[in-house]
Structures are given as structure tokens and as C-alpha cells.
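Throughout, a chain's letter reflects where its sequence line sits, starting with A, and its residues are numbered from 1. In this text the structure is predicted, and so the values were computed from the model without any measurement.
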Amino acid sequence: MAKVYLTTPITDAQVREIKAGDEVYITGTIYTARDAAHRRMVEELAAGKPLPIDAQGAVIYYVGPTPPKPGQVIGSAGPTTSYRMDKYTPDMLKQGVKAVIGKGYRGDEVKSGFVQYGAVYLVSTGGAGALLAKTIEAAEVVAYEDLGAEAVRRLTVKEFPTVCIHDATGGDQYFAGQSQWVKPDAMVKPKKPEAGE
Amino acid sequence: MREIHVDQVAETVARLVQEANFKLEDDVVGAINRAMNLEEAPVGQAILLQIQDNYTLAGTERVPMCQDTGVALVFLELGQEVHLTGGDLTDAINRGVAKGYTEGYLRMSMLNDPIKRVNTKNNTPAMVYIDVVPGDQLKVKVDCKGGGSENMSQLKMLPPSAGWEGAKRFIVEAVANAGPNACPPLIVGVGIGGNFDKSALLAKKSLLRHVGDPNPDPEWEAREQELLAEINKLGVGPMGLGGTVTALAVHVEVMGCHITALPVAVNIECHSHRHKEAVL
């Protein structure tokens with residue numbers, strides 16, 4: 001469990017160094033996108049249009065912030081639940097996205113995608129939106145302004161704190177962490193990652 | 001007959017949705033403090049510390065503790081001696097929600113239609129629940145409920161043969177399935193009995209209890225403790241990273257039901273349990 005400090009854009013070599021369980025602090029540019037923005041981006045890709053973000057080495061953060069109060073660069077900005085983006089994530093990884101930040105379990109196809117495309121799944125603390133916003137130094141809408149909180153924003157962040165859940169070799173920190181603490185007589189055991197991931 | 005103008009309801013709702021989002025109530029703070037002592041995993045403790053830092057910051061700066069400022073659930077306990085004047089009550093509640101969310105810089109998360117999906121830009125509609133009770137007061141309870149935990153909620157019409165063991169398994173499995181998605185440590189609201197919709201309503205209303213207050217029936221209090229112990233054996237821990245505190249509390253509400261039925265509803269609430277109430 002190392003501490004890894006990354007500056008965007010992220011290279012393949014950097015991705016390979018991140019292991020499930022590592023604390024990963026990101027500095028630089030990250031893009032926000034959640035349900036509606038993902039749907040639109042993937043539809044535009046299918047229609048042969050370019051993405052509104054530079055996907056090479058990019059980091060996407062699943063967040064819909066609150067509106068900034070006067071004097072704030074952004075409102076509260078914690079992660080939203082990631083599985084709702086599962087349908088779109090492999091397409092985004094194919095475009096060169098190297099890390100996605102959210103919270104919660106991912107589907108098997110997405111987990112395979114992190115291995116296949118060499119990318120990582122990071123999580124930040126859900127419900128800690130006021131605290132996480134302190135690491136965001138600038139925010140501007142770059143696409144889909146009509147989506148409001150769901151618009152694509154370019155954020156400038158300094159040491160945005162995350163933990164790696166799925167690395168590019170199939171590591172699964174939810175399984176590893178929970179396996180350490182589950183009681184032998186628990187009614188449900190942590191879900192094993194599928195073989196070959 | 002005591003008269004209350006609906007504008008007063010609107011103003012109260014507008015104030016409560018903001019307060020609820022900025023400042024965590026003492027019962028939830030107390031439950032998280034207790035969790036700090038119970039959590040054995042270092043990573044779990046680190047997450048709980050972040051949660052504490054976050055709600056302290058939010059309260060001090062008067063900003064939302066979570067960016068998902070929620071669906072506004074508005075529960076009214078309306079005294080039957082009260083006469084509401086000045087127009088439509090539901091409209092007034094929605095006016096209050098719109099005002100509170102706009103003035104408080106809260107996020108507009110509500111859509112006009114589940115398939116057309118156009119944002120209403122004022123966080124309405126509110127979910128309104130009205131109970132008529134004795135007396136001449138109007139109690140307004142607000143819960144700003146995030147979508148992530150709500151999405152992990154479940155309901156099942158069990159056969160009576162499933163019994164308590166079947167109900168228990170369904171509840172524990174629902175929490176295990178929710179895992180990190182619902183932002184643990186959770187408050188688990190359970191409704192057992194009634195019918196399809198009443199069980200869900202019981203589960204929802206159980207969340208209005210102060211966190212950790214027991215069911216008044218000692219037998220059900222014991223079952224709440226049994227469920228909490230089973231849930232905390234799962235190892236899910238704060239934010240699912242592994243630990244000994246997966247739930248802060250389990251609240252169970254029960255009601256009689258048909259001879260064919262054993263409805264069980266599990267309404268899951270995240271650690272950012274934003275509730276607030278006022279009496280008019």
C-alpha cells in the first residue's frame with residue numbers, strides 16, 4: 001500500500017506502477033462526467049464525432065457538483081456511484097482514458113477493461129464533498145452546459161485524494177479489504193473477483 | 001381550530017432543507033463518534049475521520065456536506081385541529097423546496113419524468129408524506145436523501161414460511177449487495193409487514209427515528225441488534241474498503257399483514273443522513 005503522486009496526463013508506465021490498495025493523489029487536470037454526459041459522449045463517438053475532452057491519459061471524475069457560492073470555484077464535489085457508468089466505461093477506456101474516479105462496485109466487463117486497456121479505477125470518499133472540493137483550484141464547463149450539474153467540467157486539482165480499487169493487473173481492493181475483516185460466520189462473504197481478471 | 005398559512009410551511013421547508021444539508025444533526029454525529037471507537041480497521045478509521053472533517057467543514061462554512069443534496073422528503077404530522085389556509089399545501093411545499101435549494105446553492109437533482117429526464121431546475125417535485133394526528137400543531141420533518149443509497153434499497157414479498165430467518169437473510173443480503181455503493185457506514189431502515197407499499201413506507205419512516213433509538217417493543221429491539229451484529233460481520237466497513245462498522249444502526253418498523261404475506265422492505269441511508277424538523 002504505497003502513496004503515489006501523479007500529475008496528469010497519465011502515462012501507461014505510470015498506470016502500471018499503481019497497485020490496488022495504493023493511495024493515489026492526483027494533481028493537474030481531471031474531467032467531470034456522470035450519467036448524462038457519458039451517454040452523450042458515447043453517442044457522439046458512435047456517430048463518428050470527436051470527444052469534447054482530450055482523452056489521451058485523461059482522468060474522468062464521476063461527479064455532479066453543487067453550484068458554487070459567491071467566491072467559491074466549485075461547490076461540494078464528492079464522487080457518485082460508478083456502476084451507472086459501467087455501460088459507457090469500456091468505450092471511454094478505448095479512447096485512452098487512464099483513470100476513472102467514483103465510488104462503489106464495478107461490473108465484470110469494466111474490470112476486464114481496466115486490464116485490457118491498462119487503466120485504473122480509483123475511489124474517493126463518498127459524502128465528503130465539502131472536504132474534497134478543497135483540492136479543486138479551478139473549474140470550467142467545457143461541454144454540455146445544458147446538463148447543469150451533469151455538464152463536463154475541466155477541474156484543476158492539487159493532490160486530489162483517492163484509493164485504487166482495480167489496477168491494471170486485475171487487483172481488487174474491495175475484495176482484499178473486506179476479506180480481511182469479514183467474520184467467519186458472516187451470512188454473506190465478499191464477492192470474489194472472477195478468474196482471469 | 002388553529003389556522004396556519006401554507007406560506008409558513010413553505011418558509012419552514014426552505015429553511016430546513018438548507019440546514020439539513022449544511023449541518024449534520026447531533027444524533028448522526030453521535031453515531032459516527034461511536035463508530036470511531038468501534039471501527040477496528042485503520043483504513044476504516046481514516047475514512048471516518050474524513051467524514052468527521054467533512055461535516056465539521058460543511059457546518060462551519062455553511063456548504064453542503066455532500067454534493068448530492070438529495071430528493072427532499074417532507075413528512076408532515078398534521079394536527080386534526082389545524083386549518084391550513086392560503087392555498088394548496090403540496091404547491092407550498094414545492095415552493096419551499098425550490099426556494100431552499102436555490103438560495104442555499106444546493107444541487108438541482110430532480111427530473112420531470114423518469115424516461116424523458118429533463119431537469120426541473122428547482123429540485124421539485126418533493127416527496128410529500130402526510131399523517132393526520134391529534135392536536136393543533138403541524139410538525140414538519142425534512143430528510144434530504146441522496147440517490148446512491150436509495151438506489152440500493154430493496155423490497156421483497158417473502159412467503160410466510162421464510163419467517164424471521166428468511167427476512168433476516170434478505171435484509172443482510174441487501175446490505176452486502178449495496179456494499180460501498182451506498183456510502184457506508186449506513187443507517188438501515190427496515191419495514192416488515194403491512195403490504196407491498198406499506199412495507200416500503202415503514203422502512204422509509206424508520207429512518208426518521210433518531211439514529212440508534214430502538215424499536216419500543218423489546219422483542220423487535222433485540223431483532224434490530226441481531227441485524228446490526230450480522231451486518232457488521234460482513235467486513236464491508238466505511239466506504240467498503242474493509243472494516244468492522246458497516247452500519248451505524250438498524251431501525252425496524254413492523255405492522256400486521258395478510259395471512260399470505262411477509263413483505264420486507266430495506267431502505268438504505270448513507271452516513272450523510274441529513275434530517276431536520278420543526279413544529280409550527
Would you mind checking which part of [X] comes under 4.5 Å of any heavy atom in chain B, side chain (CB onward), backbone (N, CA, C, O), both or neither?
X	result
Gln72(A)	side chain
Pro68(A)	backbone
Tyr83(A)	side chain

Does [Y] offer a backbone N or O that forms a donor-acceptor pair with the side chain of [X] under 3.5 Å?
X	Y	value
Asn181(B)	Tyr105(A)	yes
Gln173(A)	Leu241(B)	no
Asn54(B)	Gly127(A)	yes
Arg107(B)	Pro65(A)	no

For the residue pair [X] and [Y], what are the closest heavy atoms and their distance?
X	Y	answer
Tyr174(A)	Met239(B)	CE2-O, 3.7 Å
Ala130(A)	Ala58(B)	CB-CB, 4.2 Å
Gly126(A)	Cys183(B)	CA-SG, 3.6 Å
Val63(A)	Gln67(B)	CG2-CG, 4.4 Å
Thr81(A)	Gly148(B)	OG1-CA, 3.8 Å
Tyr105(B)	Pro67(A)	O-CD, 3.3 Å

Does any heavy atom of chain A fall under 4.5 Å from the side chain of Arg62(B), the backbone, both, or neither of them?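 Its backbone and side chain both get close to chain A.
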For this session: Tell me, for Glu230(B) versus chain A, whether the close heavy atoms (under 4.5 Å) come from the side chain, the backbone, both or neither.
Result: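 Answer is side chain: those atoms of Glu230(B) sit under 4.5 Å from chain A.
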Relative to chain A, which of [options] shows the most heavy atom pairs under 4.5 Å?
options	answer
Gly237(B), Gly179(B), Gly242(B)	Gly242(B)
Arg117(B), Glu40(B), Glu173(B)	Glu40(B)
Thr246(B), Val118(B), Asp68(B), Val63(B)	Val63(B)

Run the numbers on Asn232(B) and Lys183(A) for side-chain contact (heavy atoms from CB on, under 4.5 Å), then give the verdict. CA-CA 9 Å; Asn232(B) 285 335; Lys183(A) 299 285 188 266; over 6 Å; no
Atom [atom1] of [X]: over 12 foreign heavy atoms under 6.0 Å:
X	atom1	answer
Arg39(A)	CZ	no
Lys87(A)	NZ	no
Lys156(B)	NZ	no

query: Would Lys233(B) and Met187(A) count as a side-chain contact (heavy atoms from CB on, under 4.5 Å) if you check the C-alpha gap in whole Å, the side-chain angles of each, and the deciding distance to 0.1 Å?
result: CA-CA 8 Å; Lys233(B) 283 180 190 171; Met187(A) 291 173 79; over 6 Å; no
Report task. First locate atom CE of Met108(B), then atom OG1 of Thr66(A), and finally report the distance between them rounded to the nearest 0.5 Å. Result ->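 Between Met108(B) CE and Thr66(A) OG1, I get 10.5 Å after rounding to 0.5 Å.
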- Message: Quick check for you: to the nearest 0.5 Å, what is the distance between Glu150(A) atom CD and Ser109(B) atom OG?
- Response: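 One gets 8.5 Å once the value is rounded to the nearest 0.5 Å.
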For residues 151-166 of chain A, give me every residue with a non-hydrogen atom less than 4.5 Å from any non-hydrogen atom of chain B.
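Listed by number, the contacting residues are Val163(A), Ile165(A).
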Highest number of heavy-atom pairs under 4.5 Å with chain B: which of [options]?
options	result
Gly148(A), Gly64(A), Ala77(A)	Gly64(A)
Asp146(A), Thr80(A), Leu131(A), Val123(A)	Leu131(A)
Gly78(A), Gly75(A), Ala186(A), Ala133(A)	Gly78(A)

Is any side-chain heavy atom of Gln178(A) closer than 4.5 Å to a side-chain heavy atom of Pro180(B)?
->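 Yes, close enough: below the 4.5 Å cut-off.
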Does Glu61(B) come within less than 4.0 Å of Lys134(A), counting only side-chain N to carboxylate O?
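Result for this pair is yes, salt bridge flagged.
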